[in-house]
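All values below come from the heavy atoms of this structure, side chains included, with hydrogens, waters and symmetry mates left out. Numbered from 1 within each chain, the chains take letters A, B, ... in sequence-line order.
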Amino acid sequence: MAKAPVLTPQSEDFPRWYQDVVAKAELADNGPVRGTMVIRPYAWALWEHMQAAVDRRIKAAGAENAYFPLFIPESYLRREAQHVEGFSPELAVVTHAGGKELEEPIVVRPTSETVIGEYMAKWIQSYRDLPLLLNQWANVVRWELRPRVFLRTTEFLWQEGHTAHATAEDASAYALRILHDVYADFMETQLAMPVLRGRKTRRERFAGAVNTLTCEAMMGDGKSLQMGTSHELGQNFAKAFDIVYSDDAGQQQHAWTTSWGASTRMVGGLIMCHGDDAGLRVPPAVAPIQVVVLLIRDEGDARAEAQRIAGALTDRGVRVRLDDRVDTGFGRRAVDWELKGVPVRVEVGPRDLAEGNVTVARRDQPDKATLPLAAVVDHAAAALDEVQAGLFARALAHRESRSADVKTVEEAVEAARTGFARIPYAALGEEGENRLASDAITVRCLQRPDGSVPDADDEPDLVAWVGRSY
RNA sequence: CGGGGAGUGGCGCAGCGGUAGCGCACAGCCUUUGGGUGGCUGAGGUCGUGGGUUCAAAUCCCACCUCCCCGACCA
C-alpha cells in the first residue's frame, strides 16, 4: 500500500477526481469535436443495464417505443414561442447538404416535442385514440457552453417519452406516474441513489412546459444533479401542432401532452454519488461485472477452484468475470477492479486454499472476509444485495448530513456552500430566487412538508430545496 | 461572453537563449507474484499555429488557435 494515490483525492479537487475516474476506469474519452464523448465498453455496458431497467419501467407504464428522425425542419421549432426561445441558442443547424445550400435549414434535434407533435396530430382523431403513449431512445444535440463528460455533452443519449391525453388531469397524473414509477423507482432501487422528487419553480421550468417535475440527487461534493424530468406541456404543443380530437360529444378539443427524459447524464450521477478515493462503486443491480473472481497465483488447484467458483456464480445468474491474468501483479489487478467499482471480489490463491479458504472483499467496505470454500458462492451472491443496500444507505446518510433547515435567504446561501438548504418557499419567493442566482444557487425543487410533490407553486407551506447544481 | 490557468512523446510534467529531458504507460528479457515488485534494454516528440528578434528560439516579442477550471445556459 501507501503508493502514490491512483486518483486525485475527492477532498482535494472533486472535478479533477471525477475526470481521473472517467479516464482510469476506462469509462469515456473526449471526442474530437468539442463537447462530444466516446463511451468506452465498460461504461457502455453500464449504460445498457441502466437502459434496460428504465425501458422495462416505461413499458410497464404503458408507453410504446418508436423512432423519429434526427433532423427537424427549423420551422417546427418556431411554432412554440417558449420552446424556440429556450432552445435557439443551443441548436446545431444544417444549412448545407448534398453540395448545396438548403432552402430551409434543418435542425439537429435538441429534443423531439416538435416532430413528434406533428405526427401525433396526424394519428389522433378521436378520444378513442387517447392516451397516446410514446417513447424513443435517441441521441440529441445541444450546443452547450460548458460541456463535461456524461454530465453535459454536446451529443447525448437518452429516452424521451411523449404522450397525449384527453384531459389535463390525465396528463398531469401520467407525468407524475412517470416521475415516481419510472424515474425515482429506477434511481433508488437500481442506481441506489436517493432522489428528491419535486416540482420546479417557474424559473427552472422546461421551455414550453406548464409544469416540470424532477428527480434531484446529491453528489459526493454536496452539489445537486437533475437526474430526470417529467413535464406537463398543457395544451401548448397541441395548439402549436394542431393535436386535436373529437370528444364523446363530437366536439373538437386540443389534447394535453407530456414529455419526460433521462439521459447518459445518469452515468455521471452514479459516478459522483457513489465514487470514493479508490474509484467507482457500481451498484450491483446495474454493474456490468457483479463479481470478479481473481486468481492470485496459478499454483496447485487455485485455477481450477477459481473457475469452479466463477462457474457456480454464473449458474446462479450472477454476472461474473474470471481474472486469471497472473502475469500481472496481484496488487495492480486489485486496484484496477476497485477503480472500476466491481461490487464483490473473490480472491483465490494457494495460501488460503491450503486451509480450505478464499477471501471475499466488498467494494463498499474496506476490510475483507476469509471464508471456507464451501460458503463462498452463497456469501458472494448475498453480498450483492448487501452492497446494493449499503450504497443506498450511505448516499442517503450523506445527503441528510449535508441538508439543513434554514429560515432566511442568507442562511440558505451559507448552507448551499456544502449541501442543500430547506427553506419555506414563502420566505424565498421569486425575489429570493433571484438573490440566490447571484451566488449560482438555485431552487432544485419544491415539495410539500411531507415530502410529496405539489400540484401548484402557490400551495401553502411549500418547502424549497436549495443548492448548487451541475 | 466574463474571470483564472495551460498548450513539450499515449498520459502527467520539468526545461525558459546554445544538439529535447523525467515519471507513468508501452515492447522485449530477467526478477517478482497474497495490495500498483525491482532491474536491464528499446520504441516513441516538426516543443499548439503563423510571423518577428538573434550567429543560434521549446525558451524572448507580436498575433492567432485550442484545451481545462470557475460563472451565465442546461438532461
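Computed from coordinates, the A:Leu294 CG to B:U33 C1' distance equals 12 Å when rounded to whole Å. The CG-P distance, from A:Asp20 to B:C13, rounds to 10 Å in whole Å. Per the geometry, CZ belonging to A:Arg40 stands 11 Å off C1' belonging to B:G10, to the nearest Å. Put simply, CD on A:Gln82 is 16 Å from C1' on B:C74, counting in whole angstrom units. Spacing between atom NZ of A:Lys368 and atom P of B:G34 amounts to 10 Å, rounded to whole angstrom units. The separation between A:Arg16 atom CZ and B:G12 atom P is 8 Å, rounded to whole Å. Per the geometry, CZ belonging to A:Arg468 stands 11 Å off P belonging to B:A72, to the nearest Å. Rounded to whole angstrom, the span from the CG atom of A:Asp298 across to the P atom of B:G34 amounts to 14 Å.
Taking 4.5 Å as the limit, every side-chain heavy atom of A:Pro110 sits out of range of all side-chain heavy atoms of A:Val140. Side-chain contact between A:Arg444 and A:Ser469: present, with at least one pair of heavy atoms (C-beta onward) separated by less than 4.5 Å.
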Working for salt bridge (Lys or Arg N to Asp or Glu O under 4.0 Å), residues A:Arg281 and A:Asp364: CA-CA 7 Å; A:Arg281 289 194 292 189; A:Asp364 65 329; over 6 Å; no
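Judged by distance alone with a 3.5 Å cut-off, no donor-acceptor contact links the side chain of A:Arg148 to the base of B:C74. Remark: the A:Asp352 side chain and the B:G34 base include a donor-acceptor N/O pair separated by less than 3.5 Å. Contact of A:Arg142 with B:C74 (side chain to base): no donor-acceptor pair of N or O atoms is detected under 3.5 Å.
If you check B:C73, B:C69, B:A75 against the side chain of A:Leu145, the one that comes closest is B:C73. Candidate nucleotides B:G34, B:A75, B:A72 were compared by shortest atom distance to the side chain of A:Phe330, and B:G34 ranks first. Comparing B:A75, B:G34, B:A72 by their nearest atom to the side chain of A:Trp158 picks out B:A75. Closest to the side chain of A:Thr229, from the set B:U33, B:A75, B:C73, is B:A75.
Taking the six-membered ring for Trp and thresholds of 30 and 60 degrees, A:Tyr174 and A:Trp260 have ring planes inclined between 30 and 60 degrees apart.
No contact: A:Gly329 has no heavy atom under 4.0 Å from any strand. Using a 4.0 Å heavy-atom cutoff across all strands shown, A:Ala262 reaches no nucleic acid atom at all. Nucleic acid contact for A:Val326: base, since at least one base atom lies under 4.0 Å from a heavy atom of the residue. In this structure, A:Glu144 reaches the bases: a heavy-atom distance under 4.0 Å links it to at least one base atom across the strands shown. Nucleic acid contact class of A:Thr328 (heavy atoms, under 4.0 Å, all strands): none. Across all strands shown, A:Pro15 has heavy atoms under 4.0 Å from sugar-phosphate atoms exclusively, and none from any base. Among the protein residues, A:Arg345 comes within range of the nucleic acid bases, having at least one heavy atom under 4.0 Å from a base atom. Note on A:Glu160: nothing from the nucleic acid sits closer than 4.0 angstrom, heavy atoms only. Nucleic acid contact for A:Thr370: none, since no nucleic acid atom lies under 4.0 Å from a heavy atom of the residue.
Residue A:Gln159 places none of its side-chain N or O atoms closer than 4.0 Å to OP1 or OP2 of B:A75. Phosphate proximity of B:A25 to A:Arg332: present, with a side-chain N or O under 4.0 Å from OP1 or OP2.
Base-pair partner of B:C26: B:G42 (Watson-Crick or G-U wobble, both distances under 3.5 Å). In this structure, B:G34 forms no base pair with any nucleotide, since neither Watson-Crick nor G-U wobble geometry is met with both distances under 3.5 Å. Pairing for B:G17 is absent, with no Watson-Crick or G-U wobble pair whose two atom distances lie under 3.5 Å. Across every strand in view, B:G7 sits in a pair with B:C65 that passes the Watson-Crick or G-U test at under 3.5 angstrom. Within the shown strands, B:C1 is the pairing partner of B:G71 under the Watson-Crick or G-U definition, both distances less than 3.5 Å.
Across all non-hydrogen atoms, the minimal contact from A:Leu295 to A:Val326 is O-CG1, 3.6 Å.
In terms of modelled atom types and a separation under 3.5 Å, the side chain of A:Arg265 and the main chain of A:Gln226 share a donor-acceptor contact.
Cation-pi geometry between A:Arg422 and A:Phe420 is not satisfied (NZ or CZ under 6.0 Å from the ring centre, within 45° of the ring normal).
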